[in-house]
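Just so you know, these numbers use all the heavy atoms, side chains as well, and skip hydrogens, waters and symmetry mates. Whatever order the structure lists ligands and atoms in, that order sets their numbers, starting from 1.
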Amino acid sequence: MSKQDFLPIKGWDHVEFYVGNARQAAHFYHKVFGFKPVARMGLETGCRDRASYALQQGNVRLVFTSSYTPDSEVARHCALHGDGVKVIALEVSDCEAAISAAHARQAQVIQRCEAFEDADGVIKTGILRYAGDTVIKLVERTNYRGPFAPGYQKLHVEHVQGVGMAAIDHIVTNVYLGEMDYWARWFERVMGFSQLTHFTEKDISTEYSALMSKVMENGSGKIKLPINEPAEGKRKSQIDEYLEAYNGPGVQHIAMNTADICKTVSELRARDVDFLRVPDAYYDDLKDRVGHIDEDFEEIKRLGILVDRDDDGYLLQIFSQPVQDRPTVFFEVIERHGSRGFGVGNFKALFVALEAEQARRGNL
Ligand code: FE2
């Protein structure tokens, strides 16, 4: 299918979380996940209503923001959703044109293209409404040389040992039953994305719960945004559990690429990151299922890493436990060897594991 890329995207720009305590969140992502704090804004920089920290590792930028006041947009978001992702930011080369194109295609524009300036240059941003309270921010930073964005002050933090996160691979959103198609079509219409894959409940179901997923991808293939919705099952699906805990649709997980998943996961485990427990039985016939891989099967099993193979190659992946009290947002670490998939062969094994955790929380 030939399509005109009317909204060309250069890549992921950043992901912003609204959290209860940005200072502590930044410390956690610094010391545990290996992100280097690069810039900050708050009272010291003249910002009276919120504090933000921007952290970076490889090409992954995360921002953590909390409110100084009880009735701000940030505070309300936290009260309703707990800590969670507010902004998925994508880099564009022409913000004005991108927002105009999205507007012409019936996107709900929350903020028209605006320029923000400081001594390091100009950034232009515009904001589109996405699922629930989540927004998509388009960022033009070609003429900006600062550490993150105008208003932020550069941080001089001692070098932190990264864990090898190189880039964002994909970001998954959970929506209510019946909304997946709306957002899949929205990405086609507004952003010029196309549908890469469609998983039905036949692919992704266990005895108890099922989900459906459509993976949307931009023209260059750099941006992948899967959208999940719950499917009917015997019990409450993990997507329903999320929607209930988050009080609505929102980002379920952020997957980050590494070039050496064994090293990354060893390091994260040494720093006490909790991962989803994979049943031992998963590894019993793994060799038969995936064939030859460059990594050592024993090490893969010891670290609890999942493997999947498709026609293009294989991938290695692992999922963290939720990173806040509510069973909502979590992270995935992924290493791709040719495969452009999402580990559909792992879904079954993974969901059995997820449901075991859900049952432990009394939510199944
Ligand atoms: Fe994923």
Strictly under 2.8 Å, how many protein N, O or S atoms lie near the Fe ion (ligand 1)? Waters don't count. 3
Test salt bridge (Lys or Arg N to Asp or Glu O under 4.0 Å) on E217 and R340; report intermediate values, then the result. CA-CA 11 Å; E217 184 184 61; R340 294 172 66 229; 3.1 Å; yes
Could you work out the complete set of other residues in the hydrophobic cluster of V135, with links drawn between I, L, V, M, F, W and Y side chains under 4.5 Å apart? V87, I110, I127
Here the salt bridge (Lys or Arg N to Asp or Glu O under 4.0 Å) pairs for residues 106-122, sequence neighbours left out, are none
Transitive ILVMFWY cluster of V74, excluding itself - 4.5 Å side-chain cut-off: Y18
Hey, what do you get for CG (N174) to CD (E229), rounding to the nearest 0.5 Å? 10.5 Å
Would you call V273 and V32 a side-chain contact if the rule is heavy atoms closer than 4.5 Å? yes
